[in-house]
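One structure below.
All heavy atoms count here, side chains included; hydrogens, waters and symmetry mates do not. For clarity, every value in this text was computed on a predicted model and none was experimentally measured.
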Amino acid sequence: MSKISLTPPPQWSGVKRLPGLTGRIPRPRNRAVVLSSLGSLGDLYPVLSLARALEARGVEPRLALSPDDCERARDWGLLASPVGPSEADVCRALQMTREEIAAAVLRDPSRMMSHAMMPLLPGIARQVADLCSGAGCVTGTTFALGASLAAEMTGTAYVPLLLQPMMTFSADDPPVGPAFRLAIKKPRTRLGVGWNKGLLSAARWVLRQRHSAELTRLRADLGLGPQPGTPLFDHGATVPLRLGLWSPRFAPLAQDAPAGLQIAGFPPAPEGDLPRAVLDWIGAGPPPLIVTRGSIAHDLEPETFWQEAIAMARTLGLRAVLLHGKATVPEGPDLLPLRYAAHAPLFPLGAAVLHHGGIGTTAEALRAGRPQLVVPVGGDQPDNAARLERLGVARSLSAKRFSGARGAAALTELLERFDYNAVAALARTITEEDGAAFAARLLERIVIEG
């Protein structure tokens, strides 16, 4: 795998508002927030939702996104500045397919950081810095490192956007996943908490060993000092606030949460309607099983996933809606294959939802109030799955253990004790939360107070 060397596209090229949408109104100096995201749609959509909420409060959102995500922002009626290469450029430079890149990120994001992200950081940081003029603060998701560097370069406040509870790295509520299998899940003593602190300190040490020296070299090119603290977690810019964009019902604030963290709630769901043909198919029979692997994991191992998901549905006597992306899936009268469908209107129509545990899909499944079977692929997904199990709304199986028979047995066990009334009440509470509006109010305060 070779490192990327690409020339980023020019600012604001080819990104226009859709016809009929109101143009941006000039605002007083500092009434602007720079927002940046890097990752899947689960990373992008909360940032777009936050941008809309800022606009509603009269604060200008300046989106710094990949060229592909700029197009998605346009669908939301938002302007965005393209920074860095397109997805196609990255695939060509790394000589990898989109699915191979996704698999590599989910297995070990550190390798992709070194080979794909680091070489591009100075150029991206300079592009984002151009957007900081007159802005009150900069925000960015975990892997949008160019945003925090730009904030530091321009002396602008930086607000990290934490999309997943596991990124709090709490010893009281430790992450769940292969890298944290030795953690004590519910430490009840000081010794247990101390053990978890040691494990998390070791994980931070690994990140520093892997990336601090390289980041220090890149920072020197930008006129900045050595990498402070742990990459991804610590920033050289002033951090007046950290925003957790998930519901406190899903993951309450831990006692040892990072300084300044406020949990805002899940941002509103992306808008979208279901085509009449989809509604007619669902309405022609009993509620189906809804199956999705999110926006990047459609074609990842195990290759038998879709066949086993169908076998699971048939074992339970259910039809199935398959949100399969670019993956090839079987056809049949009891199957409705769709490359994509808006989750918010679809999930409530299902008997249950089988998904991968991505944070965006997790939010929609919770709002739908449906039983869930989670088959995590990697990243934050095992942690999200564990939290759903604690809430009593899901069962989880590893991707290696998933089969139609095991999935049917796990979902049947869940249904035997599933409290529909309690889950419906939880769904209403989470739906009523507007994490984007709450976060926008906090950011506006920073912008106003400077």
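- Applying the ring-ring contact (aromatic ring centres under 6.0 Å, His included) definition to pairs two or more places apart or across chains, none involves residues 362-400.
- Remark: the backbone N or O of Ala144 is not paired with any side-chain donor or acceptor of Ser148 at under 3.5 angstrom.
- Residues Arg276 and Asp280 form a side-chain contact, since some pair of their non-hydrogen atoms from C-beta on lies under 4.5 Å apart.
- Nearest heavy atom pair, residue Ala327 against residue Trp306, reads CB-NE1, 3.7 Å.
- The salt bridge (Lys or Arg N to Asp or Glu O under 4.0 Å) check on Arg401 picks up nothing, with sequence neighbours excluded.
- Atom CG of Leu79 is separated from atom CG of Leu65 by 11.0 Å, given to the nearest 0.5 angstrom.
- Arg57 contributes atom CZ, which lies 4.5 Å from atom CD of Glu444 (distance to the nearest 0.5 angstrom).
- More than 12 heavy-atom neighbours from other residues, nucleotides or ligands sit within 6.0 angstrom of CG on Asp419.
- A donor-acceptor pair under 3.5 Å is formed between the side chain of Glu308 and the backbone N or O of Gly404.
- In plain terms, the two heavy atoms of Pro371 and Leu411 that are nearest each other are CB-CD1, 4.2 Å.
- Side-chain contact between Cys137 and Val33: present, with at least one pair of heavy atoms (C-beta onward) separated by less than 4.5 Å.
- When side chains are defined from C-beta on, Ile310 does not count as touching Gln307, because their heavy atoms never get closer than 4.5 Å.
- Two rings, from Tyr45 and Phe266, have their centers 6.0 Å or more apart.
- For the pair Asp234 and Arg204, the minimum side-chain heavy-atom distance is below 4.5 Å.
- Aromatic ring orientation, Phe402 versus Phe305: tilted (interplanar angle from 30° to 60°).
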Identify every side-chain donor-acceptor pair in residues 432-442 under 3.5 Å, counting partners at least two apart or on other chains, and give the distances.
| residue | atom | partner | partner atom | Å |
| --- | --- | --- | --- | --- |
| Glu433 | OE1 | Ser247 | OG | 3.0 |
| Glu433 | OE2 | Ser247 | OG | 3.2 |
| Glu433 | OE2 | Arg249 | NH1 | 2.8 |
| Asp434 | OD1 | Ala436 | N | 3.3 |
| Asp434 | OD1 | Ala437 | N | 3.0 |

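- The number of heavy-atom neighbours closer than 6.0 Å to CH2 of Trp195, taken from other residues, nucleotides and ligands shown, is 12 or below.
- Within the 4.5 Å cutoff, no side-chain heavy atoms of Arg242 are placed close to those of Gln262.
- Here the shortest heavy-atom pairing between Glu364 and Ala269 reads OE2-CB, 3.0 Å.
- We find that Asp69 and Arg72 are joined by a salt bridge, their nearest charged nitrogen and carboxylate oxygen being less than 4.0 Å apart.
- In this structure a side-chain-to-backbone donor-acceptor pair under 3.5 Å is missing from Trp76 to Leu48.
- In this structure, Glu331 places its CD atom where only 12 or fewer heavy-atom neighbours from other residues, nucleotides or ligands lie under 6.0 Å away.
- Aromatic ring pairs are classed by plane angle as parallel below 30°, tilted from 30° to 60° and perpendicular above 60°; the pair His343 and Phe347 is parallel.
- Closest non-hydrogen pair, Asp383 versus Pro174, comes out as OD1-O, 4.1 Å.
- Between the side chain of Arg367 and the backbone N or O of Ile430, no donor-acceptor pair lies under 3.5 Å.
- Residues Leu336 and Val278 meet the side-chain proximity criterion, which asks for heavy atoms closer than 4.5 Å.
- Here the side chain of Arg370 pairs a donor or acceptor atom with the backbone of Gly350 at under 3.5 angstrom.
- Expressed to the nearest 0.5 Å, how far CG of Leu415 lies from OH of Tyr420 amounts to 5.0 Å.
- Salt-bridge annotation for Arg52 and Glu55: absent, with no side-chain N of the basic residue lying under 4.0 Å from a carboxylate O of the acidic one.
- For residues 162-188, the side chain to side chain donor-acceptor pair (under 3.5 Å) pairs, not counting sequence neighbours, are Ser170-Asp256, Asp173-Arg387, Asp173-Arg390.
- In this structure, the side chains of Pro376 and His356 stay at 4.5 Å or more apart for every pair of heavy atoms.
- Closest of all the heavy-atom pairs between Phe250 and Leu366 is CD1-CD1, 3.9 Å.
- The CG atom of Leu145 sits 5.5 Å away from atom CG of Leu121, with the distance rounded to the nearest 0.5 Å.
- Under the side-chain contact (heavy atoms from CB on, under 4.5 Å) criterion, Ala88 pairs with Ser86, Arg92, not counting sequence neighbours.
- One distance of note links CD1 of Ile290 with CG of Leu349; it measures 7.0 Å at 0.5 Å rounding.
- Classified by interplanar angle (parallel below 30°, tilted 30° to 60°, perpendicular above 60°), the ring pair Phe180/Phe169 is perpendicular.
- A distance of 9.0 Å separates CG in Leu354 from CZ in Arg293, rounded to the nearest 0.5 Å.
- The closest donor-acceptor contact from the side chain of Thr139 to the backbone of Val34 lies under 3.5 Å.
- The minimum heavy-atom distance linking Glu71 with Arg74 is given by the pair OE1-NH2, 2.7 Å.
- Residue pairs meeting the ring-ring contact (aromatic ring centres under 6.0 Å, His included) criterion with at least one partner in residues 362-388, sequence neighbours excluded, do not occur; the list is empty.
- Residues Ser36 and Val138 form no side-chain contact, since every pair of their non-hydrogen atoms from C-beta on lies 4.5 Å or further apart.
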